[in-house]
**Student:** 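Quick one: this structure, given as structure tokens, is what I'll be asking you about.
Bear in mind the structure is a predicted one, so any value in this text is a computation, not a measurement.
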Amino acid sequence: MLKKILVSQLRLGMHIDALEGPWLDHPFWRTQFVISDVADLKRLNDSPVSECWINPELGLDVPATAPAQPKGPTQPPSTEAIAEVTASPPELRNASKSLQEELQQAALICNLGRAAVVSMFNEARMGKTVDSDGCMPLVSAITESVERNPGALVSLARLKTRHDYSYMHSVAVCALMVSLARQLGMNEEQRRQAGLAGLMHDIGKAVMPVAVLDKPGSLSDAEFDIMRSHPQRGHDLLVEGRGATAEMLDVVLHHHERVDGTGYPEKLSGGGFSQIARMGAICDVYDAITSNRPYKRGWDPADSIARMASWKGHLDPLLFASFVRSLGIYPTGSLVRMDSSRLAVVVEQNPSALVSPIVKVFFSTKSDMPITPVLLDLSRSDCNDKIVGREPGADERFPRLAEMWADAAALRRSQG
């Protein structure tokens, strides 16, 4: 029988079943494990969490002389209840926030998300079963962030380093899937399921040889054949594990299929693979080409959208159109040239005016010099400037461009 105790009563050998309070206050990305490390005890006692549930049948019980148990519910929170308190208090959960406000929360989610995926990959490498059910609190936190401001987490998760690409790619695809599902009008449960499928889509890479996965150059044909096995390996891992949904299995197995039948592993075409798998294909490709990877620098977000639009036969055109609407023709973080001969970075989207986002101008091409940054809402009738095109070479010319649209503190926090 589960028992509710104070965190201060925890001892080595006890099996934690659940922690009380908001998930973002938890020092671990998931619960249900035996406390076997003094450092874990310290992290719990240093956290805002004051109460937890233990399972005496799977670990030690509290001593008979222990203080009285804390007052409160006599049953631990269900998975659904945990999902309801993951990211913020109820009154704030779905309240819209500006990009800068939401970036602070998104940065914390990115950091916790990285830890969650690292843990999952490590467990899969050690032959342990994958517990996809335990990922739902993280997916709920991502979903709620996207609800409050669709661009914050999606844009921040793109700024991963080469070294953590394999892990943060899963977090980014989760956020992109939620954003696309939202654009398509899916209900809350469908959005969460799409996000969970996105988070797990590359779990098969956990059992790929590290030398191949992190190779800093192009793969040989033999190495590419190995990598092409990751959808099937991921599917097998989830079938053997706990909590896999039909949507998750579908996306894991089919996110590299293409509508013209040139994808893998089954060379499905057209309507031969499901809508959610076609969504996964779009989100996976976008994050892959916009991210810095071991063997190449990422492309500018707006350039990536333009290139994807030119790939005939690869992506579902109707879903891709919705994907563009969810991100913007010039996604947040894009470097653009203005009609005034100034350069600007896109700061935030105007959903009703995709070609007129909010931008920050900061460089004059006439003088070839930086200028005092100015924020412009291009959708306003009194704004006399406009975007005339994408500007190449963002990373080479302006290596700290991200700090123009996201404050430095949020960037540091998102990268641990």
**Student:** State plainly whether the residues Glu144 and Arg192 are in salt-bridge range, i.e. N to O under 4.0 Å.
**Tutor:** yes
**Student:** So for atom CZ, which belongs to Arg233, do other residues, nucleotides or ligands contribute more than 12 heavy atoms lying within a distance under 6.0 Å?
**Tutor:** no
**Student:** Would you say the side chain of Gln349 lies within less than 4.5 Å of the side chain of Pro357, judging by non-hydrogen atoms?
**Tutor:** yes
**Student:** When you measure from the side chain of Ser291 to the backbone of Ala288, do you find a donor-acceptor pair of N or O atoms at a distance under 3.5 Å?
**Tutor:** no
**Student:** How close do Val207 and Ala124 get, counting heavy atoms only, and between which atoms?
**Tutor:** CG1-O, 3.9 Å
**Student:** Going by an N to O cut-off under 4.0 Å, is there a salt bridge joining Lys160 and Asp164?
**Tutor:** no
**Student:** Would you confirm whether Arg191, through its side chain, and Val178, through its main-chain N or O, come within 3.5 Å as a donor-acceptor pair?
**Tutor:** no
**Student:** Quick check against the 3.5 Å criterion: does Gln100 have a side-chain atom that pairs as donor or acceptor with the backbone of Trp405?
**Tutor:** yes
**Student:** Would you call the rings of His230 and His255 parallel, tilted or perpendicular, where under 30° means parallel and over 60° means perpendicular?
**Tutor:** tilted
**Student:** Examine distances only and state if a side-chain atom of His235 and a backbone atom of Gln232 form a donor-acceptor pair shorter than 3.5 Å.
**Tutor:** no
**Student:** If you measure from the Lys or Arg side-chain nitrogens to the Asp or Glu carboxylate oxygens, is any gap between Glu20 and Lys4 under 4.0 Å?
**Tutor:** yes
**Student:** So which heavy atom on Ala152 is nearest to which on Glu102, and how close?
**Tutor:** CB-CG, 3.6 Å
**Student:** Flag the pair Val117 / Asp202 as yes when at least one side-chain heavy-atom distance between them is below 4.5 Å, and no otherwise.
**Tutor:** no
**Student:** Could you tell me whether a side-chain N or O of Arg278 sits under 3.5 Å from a main-chain N or O of Asp316, the two making a donor and an acceptor?
**Tutor:** no
**Student:** Before you tell me yes or no, could you show the steps for Leu319 and Leu184 under side chain to side chain contact (heavy atoms under 4.5 Å, CB included), namely the whole-Å CA-CA distance, both residues' side-chain angles and the distance that decides it to 0.1 Å?
**Tutor:** CA-CA 8 Å; Leu319 287 177; Leu184 292 170; 3.8 Å; yes
**Student:** Is the backbone of Ser341 close enough, under 3.5 Å, to the side chain of Thr365 for a donor and an acceptor to pair up by distance?
**Tutor:** yes
**Student:** Under 4.0 Å between a Lys/Arg side-chain N and an Asp/Glu carboxylate O for Arg258 and Asp260?
**Tutor:** no
**Student:** Identify, with sequence neighbours excluded, every residue that meets ring pair (Phe, Tyr, Trp, His ring centres under 6.0 Å) alongside Tyr286.
**Tutor:** Phe323
**Student:** So which heavy atom on Ser229 is nearest to which on Met208, and how close?
**Tutor:** OG-CE, 3.5 Å
**Student:** Pick from Leu112, Val171, Leu196, Val154: which one makes a side-chain contact (heavy atoms from CB on, under 4.5 Å) with Ile142?
**Tutor:** Val171
**Student:** Would a 4.5 Å heavy-atom cut-off, applied to side chains only, mark Arg397 and Glu391 as touching?
**Tutor:** yes
**Student:** Under 6.0 Å from the CE atom of Met126, do we count more than 12 heavy atoms belonging to anything else shown?
**Tutor:** yes
**Student:** Could you check if a side-chain atom of Arg337 sits within less than 4.5 angstrom of a side-chain atom of Leu343, using non-hydrogen atoms only?
**Tutor:** yes
**Student:** Check whether any side-chain heavy atom of Gln190 sits under 4.5 Å from a side-chain heavy atom of Ile276, and report yes or no.
**Tutor:** no
**Student:** Strictly below 4.0 Å, N to O, side chains only: are Asp377 and Arg380 in salt-bridge contact?
**Tutor:** no
**Student:** Determine whether Asn45 and Ser8 satisfy the following criterion, side chain to side chain contact (heavy atoms under 4.5 Å, CB included), listing intermediate values before the conclusion.
**Tutor:** CA-CA 6 Å; Asn45 279 285; Ser8 59; 4.2 Å; yes
**Student:** If you compare all heavy atoms of Leu238 against all heavy atoms of Ala244, which two are closest, and at what distance to 0.1 Å?
**Tutor:** O-CB, 3.6 Å
**Student:** Got a second to check how far Glu266's CD is from His254's NE2, nearest 0.5 Å?
**Tutor:** 3.5 Å
**Student:** For the residue pair Asp287 and Val173, what are the closest heavy atoms and their distance?
**Tutor:** CB-CG2, 4.2 Å
**Student:** For the residue pair Leu401 and Asp395, establish whether any side-chain heavy-atom pair is separated by less than 4.5 Å.
**Tutor:** no
**Student:** I need the single residue from Phe224, Phe273, Tyr264 that forms a ring-ring contact (aromatic ring centres under 6.0 Å, His included) with His256. Which is it?
**Tutor:** Tyr264
**Student:** CG of Leu153 to CZ of Arg148: how many Å apart, nearest 0.5 Å?
**Tutor:** 9.5 Å
**Student:** Quick check: does any side chain N or O of Asn350 sit under 3.5 Å from a backbone N or O of Ser356, one acting as donor and the other as acceptor?
**Tutor:** yes
**Student:** Step by step, work out the side-chain hydrogen bond (donor to acceptor under 3.5 Å, both in side chains) result for Asn149 and Glu101.
**Tutor:** CA-CA 9 Å; Asn149 188 300; Glu101 289 175 323; over 6 Å; no
**Student:** Using modelled atom types and a 3.5 Å cut-off, is there a donor and acceptor pairing between side-chain atoms of Ser145 and backbone atoms of Ala141?
**Tutor:** no
**Student:** Taking Asp385 for the side chain and Asp339 for the main chain, is one N or O donor matched with an acceptor at less than 3.5 Å?
**Tutor:** yes
**Student:** Would you say that Pro331 contacts Ser334 through its side chain, given a criterion of any heavy-atom pair below 4.5 Å between the two side chains?
**Tutor:** yes
**Student:** Run Arg182 and Ser179 through side-chain hydrogen bond (donor to acceptor under 3.5 Å, both in side chains) and show every step you take.
**Tutor:** CA-CA 5 Å; Arg182 181 176 181 267; Ser179 181; 6.0 Å; no
**Student:** Would a distance-only check, ignoring hydrogens and angles, find a side-chain to backbone donor-acceptor pair under 3.5 Å from Ser119 to Ala116?
**Tutor:** no
**Student:** Where does the angle between the aromatic ring planes of Trp311 and His314 fall among parallel (under 30°), tilted (30 to 60°) and perpendicular (over 60°)?
**Tutor:** tilted
**Student:** Go through it in stages, so that I can follow the logic: the residues are Met248 and Leu199, the test is side chain to side chain contact (heavy atoms under 4.5 Å, CB included), and I'd like the CA-CA distance, side-chain angles, deciding distance and then a yes or no.
**Tutor:** CA-CA 9 Å; Met248 189 193 310; Leu199 185 71; over 6 Å; no
**Student:** So, Ser322 and Arg325: side-chain donor and acceptor under 3.5 Å apart, yes or no?
**Tutor:** yes
**Student:** Compare every heavy atom of Phe121 with every heavy atom of Ser166, then report the nearest pair and how far apart it is.
**Tutor:** O-CZ, 4.2 Å
**Student:** How long is the span from the CG atom in Asp40 to the CD1 atom in Ile16, to the nearest 0.5 Å?
**Tutor:** 8.0 Å
**Student:** Can you tell me how far CG of Leu315 sits from CE of Met279, rounded to the nearest 0.5 angstrom?
**Tutor:** 13.0 Å
**Student:** Answer whether the closest heavy-atom distance between the side chains of Met200 and Met120 falls below 4.5 Å.
**Tutor:** yes
**Student:** Could you measure the distance from the OH atom of Tyr165 to the NZ atom of Lys205? Nearest 0.5 Å is fine.
**Tutor:** 5.0 Å
**Student:** Salt-bridged, Asp300 to Arg390, with N to O below 4.0 Å?
**Tutor:** no
**Student:** Which is it for Gln193 and Met186 under the side chain to side chain contact (heavy atoms under 4.5 Å, CB included) test, yes or no, and what are the steps along the way?
**Tutor:** CA-CA 10 Å; Gln193 289 302 325; Met186 294 184 176; over 6 Å; no
**Student:** From Asp17 CG over to Trp53 CH2, what is the distance, rounded to the nearest 0.5 angstrom?
**Tutor:** 9.5 Å
**Student:** More than 12 foreign heavy atoms under 6.0 Å from NZ of Lys42: is that the case here?
**Tutor:** no
